[in-house]
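Single-structure report; data block below.
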Amino acid sequence: MKVSGILYHLELEDSKVILYLRSGERRIIAEAEMRPYFYVIDGKIEELKGFKAREKGRELRVMEWERVKRLVDGVEKEVWKVYCNHLDCAKLIERKFPTMNIRGARSDPLQVFLIEKGLEPLCRVEIFGEPVGERIRVKEIRKVGEGSLDELKILYFTLLVKSEDGFPIPEKQSISIICCLSDEMKCFSSDDDREAIRKFIEYFQEEDPDVIIGYAQDSEDFPYLLRRAKLQGIDLKLGVLGREIIETGKYFRGMIIKEVIIPGRANIDLFPIIYRDFPQLPTKRIGEVCEELGVGEFVDIPNYKLKELSSKDLEEYAKQKIMAIKKVAEKELGFQIELSKLCSLPISRVPRLTIGELVDALIFKEAMLRGWILPDRGAIEVEEGYYAGGEVWLKAPGIYENVGYYDIRSMYPSIIKLYNLSPEVFDCKCCSEKNLRELGIKHWTCSKRKGLLAQIVEELIEMRRKVKEEMKRAKGEEYEVLYAKQYVLRVIANAIYGYTGWSSSRLYKKDLAETITAIGRIYIKKIRELVEKLGFEAIYLDTDGIQVIPRRSPDFQGLLLKLNKEISLEVELKHVARRAIFFAKKKYCHLVDGKLEAKGLELVRRDYPKFIKEVQKKAMEMLLSGKSYAEVKNYVDRARKLIEEHKLKKEELVLVEQLAKKIEMYERSSKIKVCAEWLKKEKGIELHRGMSVEIIIIKGTGPVNYRARPVQFFSEEDLDWEYYLGLFDQVMERSLAIAREEGLKRFFK
DNA sequence: TATAGGCATACGATTCGGGGCTG
DNA sequence: AAGCCCCGAATCGTATGCCT
């Protein structure tokens, strides 16, 4: 028989791949046999032939083996391809035979499946096969077209719990409301949450969605729901065909990050996406995300304030929250879909992967398509020590006018492409010409073969060029898709240099990474020389950017043309700032089209009190728009009085820090560490890595950091106003010092 | 089990040196 | 005179979050 549908989800079941397809009102479940395999390079495999073992009640054995030709790190070789009955068999063999040169035992089988079959996540597929029970056993599968989220059944999900301090405990607090949105909005609540949970499950099973979208549902909503359901004696059978949801976790920077698997459905948590792709957002609350993405306003109510809402208001808030989740999803999921297509990974996997893992997946895919076998991740020995990165230089702190900001477009990818940089052709044995010597670099690149990395980067750049070309003619939804495509191509291309310097990457080579940055330094310094020759003065460099002021005529476009004539990388003019203040390297602000653009100043950092940042922002705006030092000083002094006279609300003095690692890993007491310890000791609340806390400093004796506390448990009377006054003075002194000196300079001139 | 390095800033912890007291 | 304590300045190292 033949069926077709949108491939929206894949799962692994022993050595089978389970495929979930949506076809109109129907869901198709198919199973495809796969033969897990690994490679043995330069070795005898006698001891593997007939290998058998038992593990967790399963028999693991080697099934077949064959001699195949592959490119091992770019060199064609005959290697053994060894097939086994189960994935765990490959991993077991790798552990049992540490001296054997094994590769590919830990590859992602779903990714391998997608690549081998030429499938894309969310594409339309056609399956030929035989029905076996509720499934179809796949004989042949192929991609026959494109698909999109619109053709799937999506369910948005969130829940709210009222609690004293915003950290509810399942044993004590019942769920206040569960809210779902598919075709229509549904809310479930009851005095005790038993009825609500029951009704929710009933509704969920009735809706039978393909995709579940929430915000932090993996770390918060589902685990809480699971605990509550258990306490109420209810099974949480939210999977397809009544299968239970599974709690699992991923090890990430010394911590287990909770993950939830809902069999048969693509469970997409937006929070880790925001965590990964928007590190600059301090609190990562949905309202903040909505603002960043420009998808309308949503006013977050902190968990600890939910208790003040009536049940009617709570329901209204839940509905608004779920609409906000939907808007964020609609804006953001396009990128995740394109990432999953580019890297051949199931859509539900992509949100949880780091940028490094995504790049790795792409490299693996591209290598596989070319018949390459690369080292496994973490297999290359790490070289000691650091290497030099980007050039950073500031002529002198001060106020400048007419500042042109130029940068080299996609500098590192362009360098990789231009100089054919890739580990297997770097310092090759076949070339005698040291072709990087002219740049003063002692390494060289191959002039006979094109390197894998350079090939991949070139393809990414070329693909992006084509997509941007198509964008010119596209409109509406098509445009959005193309925009997402070019965006992920840029993000991945830009991360590739970092990947070469990542010690556990498949293409790790310190000298190569260092050569990339060294060439970058040479180019930006070369541009500085040119600029100086062409009637401009360079005032600031950072990696691929240079900022200049005119000596005579401010012909910035003319300079751009001249630079591009001389330089083999592409130079762009980002903007010309009317005025600019430079405080230090990586600390400056521009006035562009009447707007303040601040880089690295306290006002862009989350770990400074809100009030201080606001005053600094206003002061910078005044200085940039030409107000005198005296005027600004006057404003700042008036603001200072508000602290002196204790006239601020605690919320205005809040700063935010993020728990960077496990508490035990700390050698020193930072504010966030003290808060995490305090929360655990006083409130029984455990913070996990990556969580942010809104912090205030309370009065008392001892070091400042030891007096950091979460804001919600204290009031204005508890604040250490002296501390805030001291910090205010420190920041304002720094911020105004330059203006004061400039003012004096003018005075004496 | 983490894409890279470069940088400013805060602050606790430690070291150092001077002043003054003691026995 | 030597030894010790106290205190502040200087220095060191950790931590955070930013920039490209």
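The analysis underlying the following values was restricted to heavy atoms, covering all of them including side chains, and did not include hydrogens, waters or symmetry mates. Quick note on labels: first sequence line is chain A, next is B, and so on, each numbered from 1.
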Polar atoms only, N or O, under 3.5 Å: list the protein pairs with nucleotides 10-12 of chain C and their distances.
none

How about Y540(A) and Y588(A): are their ring centres within less than 6.0 Å of each other? yes
Looking at W393(A) and I539(A), what are the two nearest heavy atoms and their distance? CZ3-C, 3.7 Å
Near DNA chain C, which residues from residues 605-618 of chain A have a heavy atom under 4.0 Å away? R605(A), R606(A), D607(A)
Between K284(A) and F271(A), is NZ or CZ placed under 6.0 angstrom from the six-membered ring centre and within 45° of the ring axis? no
Using a 4.0 Å heavy-atom cut-off across all strands, classify G498(A) as base, sugar-phosphate, or nothing. base
Quick one: list whatever passes side-chain hydrogen bond (donor to acceptor under 3.5 Å, both in side chains) with N420(A), sequence neighbours left out. none
Under 4.0 Å, counting only non-hydrogen atoms across every strand here, what does V674(A) touch: a base, just sugar-phosphate, or nothing? nothing
Side chain of K661(A) - closest among dC19(C), dT16(C), dT9(B): dT16(C)
Can you see whether Y608(A) has K613(A) sitting over its ring - NZ or CZ less than 6.0 Å from the centre and within 45° of the normal? no
If you look at every strand shown and take non-hydrogen atoms under 4.0 Å, does V359(A) touch a base, only sugar-phosphate, or nothing? nothing
How would you label the contact of Y706(A) with the nucleic acid (heavy atoms, under 4.0 Å): base, sugar-phosphate, or nothing? sugar-phosphate
Base, sugar-phosphate, or nothing for E391(A), non-hydrogen atoms under 4.0 angstrom? nothing
Base, sugar-phosphate or nothing for Y540(A)? Non-hydrogen atoms, less than 4.0 Å. nothing
When all nucleic acid strands are considered with a 4.0 Å heavy-atom cut-off, which category describes F582(A): base, sugar-phosphate, or nothing? nothing
Could you tell me whether K509(A) and D511(A) make a salt bridge, using a distance below 4.0 angstrom between a side-chain N and a carboxylate O? no
Fit a plane to each ring of H575(A) and Y405(A), take the angle between them on a 0 to 90° scale, and name the class: parallel (under 30°), tilted (30 to 60°) or perpendicular (over 60°). perpendicular
Would you mind classifying the nucleic acid contact of Y412(A) as base, sugar-phosphate or nothing, using non-hydrogen atoms under 4.0 angstrom? nothing
NA contact type, I672(A), heavy-atom cut-off 4.0 Å: base, sugar-phosphate, or nothing? sugar-phosphate
Starting the side chain at C-beta, find the nucleotide from dA13(B), dA10(B), dT20(C) nearest to Q730(A). dA10(B)
Look at all strands and tell whether K673(A) reaches a base, only sugar-phosphate, or nothing, counting heavy atoms closer than 4.0 Å. nothing
For a quick check, tell me whether the side chain of K586(A) and the base of dC19(C) share a donor-acceptor pair closer than 3.5 Å. yes
